[in-house]
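Below: one structure, written as structure tokens.
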2 protein chains.
Amino acid sequence: MNDKQLPDIELLFELADLFKVFGDSTRLRIMVLISDSELSVSDIAEALKMEQSTISHQLRVLRQNKLVRVRRDGKQMYYALDDDHVKKIIEMGMDHILE
Amino acid sequence: MNDKQLPDIELLFELADLFKVFGDSTRLRIMVLISDSELSVSDIAEALKMEQSTISHQLRVLRQNKLVRVRRDGKQMYYALDDDHVKKIIEMGMDHILE
DNA sequence: TTAACATATGAACAGATATACATATGTTCA
DNA sequence: TGAACATATGTATATCTGTTCATATGTTAA
């Protein structure tokens with residue numbers, strides 16, 4: 001008997017979409033940047049030397065996938081990683097690369 | 001003092017490339033398919049109801065990223081997941097999706 | 001060697017996506 | 001209220017990528 005179930009196709013499509021989010025270096029750099037402490041959009045843009053709108057667009061993708069959480073403080077929006085889950089996924093990937 | 005080092009940019013580009021590989025549903029389905037037992041190219045093509053050449057192209061991507069290993073047996077090539085690392089990455093992603 | 005089969009590869013095309021520019025929305029403070 | 005600032009969003013575009021068709025490469029068995 002085989003009681004191991006293959007994930008159904010729908011779920012695998014969702015999973016692919018999730019990994020797509022990790023599959024862009026700008027988004028990865030953002031995630032690593034805010035993994036320890038929250039940062040504002042302009043902080044991130046400055047750190048990565050990229051346009052504010054570019055960062056904002058990518059943060060939206062991260063938000064939509066529940067990978068970050070946001071907090072408003074006055075005019076600024078502070079972003080941080082949503083949970084340690086995300087960190088673990090990144091670490092697993094690193095482990096693979098580093099053999 | 002902060003002895004936690006940020007991964008350098010080069011490494012993050014590599015990491016993004018790795019996640020890109022996971023970010024396609026066809027490749028994910030292949031990986032899940034061969035996670036328990038090795039299968040030939042035509043087995044996979046049949047299971048996914050896709051062209052042989054499509055599968056072959058994607059298997060090459062998986063090979064290049066050292067995510068699968070191959071074994072020739074006569075005319076057939078048998079593919080299997082390279083290590084449990086890969087399974088773990090997929091499982092972590094699943095966990096995130098399933099909240 | 002040749003036919004039949006399994007897999008790999010090259011080229012072309014369609015669809016997806018990251019970025020930049022311009023501008024809108026939202027917030028503070030005078 | 002209005003000016004200044006921070007962020008979000010719409011649009012356009014250049015680049016990337018997955019799939020297919022056609023064909024090449026490699027293997028077996030006669």
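Every chain is numbered from 1 and lettered A, B, ... according to where its sequence line falls, protein lines coming before strand lines. Computed from a prediction, not measured in an experiment: that's the story for all the values here.
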Worksheet item: Residues in side chain to side chain contact (heavy atoms under 4.5 Å, CB included) with Arg63(A), at least two apart?
Response: Arg60(A), Val68(A), Val70(A), Tyr79(A)

Worksheet item: Do we see His57(B) stacking on the base of dT19(D), given a limit of 5.5 Å between centres and 30° between planes?
Response: no

Worksheet item: Considering residues, nucleotides and ligands other than Ile9(B), do more than 12 of their heavy atoms fall under 6.0 Å from its CD1?
Response: no

Item to complete: Describe the nucleic acid contact of Tyr78(B) in one word from base, sugar-phosphate, nothing, applying a heavy-atom distance below 4.0 Å.
Response: nothing

Worksheet entry | DNA chain D contacts made by residues 9-18 of chain A, counting heavy atoms under 4.0 Å | none

Worksheet item: Does OP1 or OP2 of dC21(C) have a side-chain N or O of Ser53(A) closer than 4.0 Å?
Response: no

Discussion item. dA6(C), OP1 or OP2 - any side-chain N/O from Ser40(B) closer than 4.0 Å?
Written reply: no

Item to complete: Using a cut-off of strictly less than 4.0 Å, decide whether Tyr79(A) has a side-chain nitrogen or oxygen near OP1 or OP2 of dA6(D).
Response: no

Worksheet item: Given dT27(C), is OP1 or OP2 found less than 4.0 Å from the side-chain N or O atoms of Gln76(A)?
Response: no

Worksheet item: Would you say dA18(C) has OP1 or OP2 under 4.0 Å from some side-chain N or O of Thr54(A)?
Response: no

Item to complete: Rounded to the nearest 0.5 Å, what's the gap from CE on Met50(B) to OG1 on Thr26(B)? Could you check?
Response: 3.5 Å

Worksheet item: What heavy-atom pair brings Leu12(A) and Ser25(B) nearest, and what distance separates the two atoms?
Response: O-CB, 4.4 Å

Worksheet item: According to a 4.5 Å side-chain heavy-atom criterion applied to Ile, Leu, Val, Met, Phe, Trp and Tyr, with indirect links allowed, do Ile89(B) and Leu11(A) form part of one hydrophobic cluster?
Response: yes

Worksheet item: Looking across every strand, which nucleic acid part, if any, lies under 4.0 Å from Ser42(A) by heavy atom: base, sugar-phosphate, or nothing?
Response: sugar-phosphate

Worksheet item: For the helix from dT1(C)-dA30(D) to dA30(C)-dT1(D), what angle lies between the axis at the first five pairs and the axis at the last five pairs, to 10 degrees?
Response: 30°

Worksheet item: Does any non-hydrogen side-chain atom of Phe13(A) lie less than 4.5 Å from one of Leu28(B)?
Response: no

Discussion item. Is the ring pair Phe19(A)/Phe22(B) parallel, tilted or perpendicular, if the boundaries are 30 and 60 degrees?
Written reply: tilted

Worksheet item: Is the distance from OP1 or OP2 of dT7(C) to the nearest side-chain N or O of Arg72(B) less than 4.0 Å?
Response: no

Item to complete: Check every strand shown and say whether Gln52(B) touches a base, only sugar-phosphate, or nothing at a heavy-atom separation below 4.0 Å.
Response: base

Practice prompt. Could you state the atom-to-atom distance from CD1 of Ile44(B) to P of dT19(D) in whole Å?
Written response: 14 Å

Worksheet item: Under 3.5 Å, is there a donor-acceptor pair between the side chain of Asp17(B) and the main chain of Glu14(B)?
Response: no

Discussion item. Given Leu62(B), which partner from the list Val86(B), Ile34(B), Leu67(B), Leu81(B) fulfils the side-chain contact (heavy atoms from CB on, under 4.5 Å) test?
Written reply: Leu67(B)

